[in-house]
Structures are given as C-alpha cells and as structure tokens.
Amino acid sequence: VLYLRIRMRGPVMALTGEATEQPEDSFVPDVEPSSIRRIPTGIADLDTIVGGGFPQGSTVLLMGEEGAGLREFVYTSAAKLSIVRERPEVWRYYLGSACDDSILPARICYVTFTRSRDVVLREFAASLNADFYHAFRRNAAFRDFSAPYFRHTVVPPAWTEPPRTPLGAPQENLLEGLVEFLDENGPGAMIVIDSLSDFVDNESVDVKDVVSTVKGIQRAAKRWDGIVYMLLTKDILEPRVERMIVDSVDGCLVFEWSRYLRSSKRQRYMYVEKFTSVLPHLPMEKIARFPIMISSRQGLVVVYMERIG
C-alpha cells in the first residue's frame, strides 16, 4: 500500500495510514455549529434549498452518467463564483439571496490527470458564454498530472511530459504529486478533481490507494475550510469500490439521464444521494430529484423539483 503524508503547518497529519500521536495543544479546537459557514454552489435554486451552499470543509463526489451534467456543474460553479469575487455588486444576481451569509472560496484549483488546461478551456468556451469563460480562465489555477499518468503507457512522452532540462524530465509520482499540490493550495480553495474515473485502468496507481487518498482528502479538507469536488463516471468502477468511495466523502450528488415513456426525448436529473451535514436539515418536500437544464447563457440550472417518495 502506498502511504502518503500531507504537510500542514504545525504537526504532520497523515493522509492515509495510522495517525501519529500529537500533543494535546496540536488538535483543532472543537467547532461550534454556528461557526461553520457555507460556500455557494453557484446553482441558485440548489443553494436556496440547502440553505446557502455546502458547509466549509466538505468533500463532495459528483457521480453520474456521461454528459448528464457533472462537468457543467463545476464549470457553472467556478464561473459564477469567479464573477462574484471580481464584481461583488452582482452577488445576488448570480447567487440569490439565500447566499447572503455564505463565503466565497479564496481560489479555484482545477486538477486533471488526462486532460490538459487547453482541452478544458476549449470545452468550456464551446459550452458556456464568454463572460463565464473569461472569468473561469482568469481565476482557475490548473494542475495537469498527465505526465506521471501516461508515463508507463504507449502514449509518447513528447505529448504529455514538460520540456526536458539538462537534468532530464521530472519524475513525479502521481498520487504524491496530487497530495503535494493540495497541501499547498487546498486551504480556503474550491478544488475540482477531474476525474477519479481516470484511475480505472492506470497501472501506476492501485485502486486501494485511490480509496485511501479520497479518505485522506476528506479528512484534510476539514482543516482547509474550502470545498473539494471529485468527479466520477457512474458504473466505471467495480460496485464495491464505487460504494467505498461514496462512503469516504461527505456528500454525493448523482447526475443521470431519464427517458420519457413513448418519447425519444431525454431529461437530465440531479439528486443528493448522500450528505450527512445537509440532508437532516431539509424538509421532506425538498428531498427531491431535480430536473436540470444546461444552456450557454446560464450554465447548469434547476428547472423544478420532483419529490422523491
């Protein structure tokens, strides 16, 4: 098993493996419920339902079918939060009144394993409007781990490796590099990990290490006080591993396609499968499946609610 450690200010905290003993004054003080702020998702109707966004320190799995809205969710969220950070006067226009007491992440970090920054930006530009695109481009810090991901594959190094130096190309371990990046950039940030699906057939990473790393990130995120979104294509992992990952995060939003009876039309839906710190506070009528729509002008929006019986 690969053991990873994350460097924090003060005592070292293990991301995976057994925790080391720490003096009593090194522990994080008890958290008062009133001190936990919420970070908007940027999906105004969803933020209204969950009371202003998701709690600080949350690790949220976005799981679903291809094209059902996973990336559009994070694109819309990152773009709207970026616009509001640059122009506070449009706060209510983009986020709604439910987020008046919420806080914005200090930065947006977008992590990829097979997709380059250029690919993400091209896809974004082709999907959403220019205001969203330019705000996302100005404010998102990218970290591309393509080089270690493809190192032991048939993909030529020239396609993925950074330029060589007199000392040669850097030889970075994939998960250790991810942990180092999160350690440096995680505090106060909105982090997007796109995506866990890439680890399915990667020979350099054991699936058990992926599950352990997710558990470690969920633990470390409580100190970072930002929000972490992890993308995962549904049914791409073995059912047991998929359930282990769902069990390792604070919340899980599921995105799916549904067909109409006697019609060729399809509709995207989103629902909260799990969220320990959110679902207990929702009235029964708001525990719902949300039909969603994606447009270039607005990004991802909730159309209306369907009560889950």
Side-chain angles (χ1 to χ4, degrees), residues 1-22 26-28 54-55 57-63 70 109-114 143-153 171-187 189-254 273-277:
V1 177
L2 174 67
Y3 288 89
L4 304 174
R5 301 179 74 84
I6 188 161
R7 296 187 300 277
M8 308 292 290
R9 289 177 183 154
V12 173
M13 182 183 71
L15 248 186
T16 60
E18 296 183 2
T20 57
E21 291 187 8
Q22 297 177 333
S26 70
F27 289 100
V28 177
F54 296 143
S58 295
T59 300
V60 184
L61 181 68
L62 306 178
M63 182 172 67
L70 284 78
C109 301
Y110 203 103
V111 177
T112 63
F113 304 106
T114 61
R143 183 63 168 89
D144 177 10
F145 288 97
S146 295
Y149 181 90
F150 286 110
R151 183 169 297 135
H152 301 293
T153 70
Q171 298 293 305
E172 183 178 43
N173 175 279
L174 183 58
L175 290 184
E176 288 180 351
L178 172 63
V179 168
E180 183 176 354
F181 176 80
L182 296 180
D183 185 14
E184 294 176 0
N185 297 277
M190 170 183 166
I191 297 169
V192 179
I193 299 178
D194 182 5
S195 86
L196 298 181
S197 308
D198 293 326
F199 292 116
V200 174
D201 293 318
N202 186 265
E203 295 181 358
S204 65
V205 177
D206 191 302
V207 173
K208 292 184 294 185
D209 292 331
V210 175
V211 175
S212 297
T213 302
V214 171
K215 290 177 181 289
I217 290 172
Q218 187 269 349
R219 182 183 176 105
K222 299 297 177 288
R223 291 174 177 255
W224 296 335
D225 262 351
I227 191 161
V228 180
Y229 291 112
M230 300 180 177
L231 280 62
L232 175 65
T233 302
K234 191 172 177 59
D235 298 328
I236 202 169
L237 293 171
E238 294 180 6
R240 181 180 65 87
V241 177
E242 184 177 289
R243 298 318 304 172
M244 290 173 65
I245 290 177
V246 172
D247 187 57
S248 302
V249 297
D250 298 300
C252 176
L253 272 63
V254 176
E273 178 171 312
K274 164 195 172 180
F275 217 129
T276 307
S277 56

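Judged purely by atom type and a 3.5 angstrom limit, Asp250 uses its side chain to pair as donor or acceptor with the backbone of Thr59. Listed for the Glu242 side chain is no donor-acceptor partner under 3.5 Å among the backbone atoms of Lys234.
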- request: Begin with the C-alpha distance, continue with both residues' side-chain angles, and end with the deciding distance and a verdict on side chain to side chain contact (heavy atoms under 4.5 Å, CB included) for Phe199 and Leu175.
  value: CA-CA 11 Å; Phe199 292 116; Leu175 290 184; 4.1 Å; yes

message: Using the rule given for side chain to side chain contact (heavy atoms under 4.5 Å, CB included), can you reason through Glu184 versus Glu180, listing the C-alpha separation, both sets of side-chain angles and the distance that settles it, and then say yes or no?
response: CA-CA 6 Å; Glu184 294 176 0; Glu180 183 176 354; 3.7 Å; yes

query: Would Phe54 and Leu253 count as a side chain to side chain contact (heavy atoms under 4.5 Å, CB included) if you check the C-alpha gap in whole Å, the side-chain angles of each, and the deciding distance to 0.1 Å?
result: CA-CA 12 Å; Phe54 296 143; Leu253 272 63; 3.9 Å; yes

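Taking both residues in full, the closest heavy atoms of Gly186 and Trp224 are given as O-CB, 3.5 Å, listed atom of the first, atom of the second, then distance. Here the closest non-hydrogen pair linking Leu182 and Ile193 is CD1-CD1, 4.5 Å. Scanning all heavy atoms of the two residues, the minimum distance from Ser248 to Lys274 falls at N-NZ, 4.3 Å. The shortest heavy-atom contact between Cys109 and Asn185 is SG-CB, 3.7 Å. Of all heavy-atom pairs between Gln218 and Val249, the closest is CG-CA, 4.1 Å. Taking every heavy atom of both residues into account, Val254 and Glu273 meet most closely at CG2-OE1, 3.3 Å.
To the nearest 0.5 Å, atoms CD1 (Ile227) and CD1 (Ile191) are separated by 10.5 Å. One distance of note links CD of Glu176 with CG of Asp209; it measures 10.0 Å at 0.5 Å rounding. Between Asp247 atom CG and Cys252 atom SG the span is 11.0 Å, to the nearest 0.5 Å. To the nearest 0.5 Å, atom CG of residue Asp225 and atom OG of residue Ser58 are 10.0 Å apart. Atom OG1 of residue Thr233 and atom CG of residue Leu70 lie 6.5 Å apart, to the nearest 0.5 angstrom. To the nearest 0.5 Å, the span separating CG on Asp194 from OH on Tyr110 amounts to 3.5 Å.
In this structure, the side chains of Met230 and Ile245 stay at 4.5 Å or more apart for every pair of heavy atoms. For the pair Val210 and Val241, the minimum side-chain heavy-atom distance is 4.5 Å or more.
Between Lys208 and Glu238 there is no salt bridge, since no side-chain nitrogen of the basic residue lies less than 4.0 Å from a carboxylate oxygen of the acidic one.
Of the options Asp144, Thr112, Thr114, a side chain to side chain contact (heavy atoms under 4.5 Å, CB included) to Tyr149 is made by Thr114 and by none of the others.
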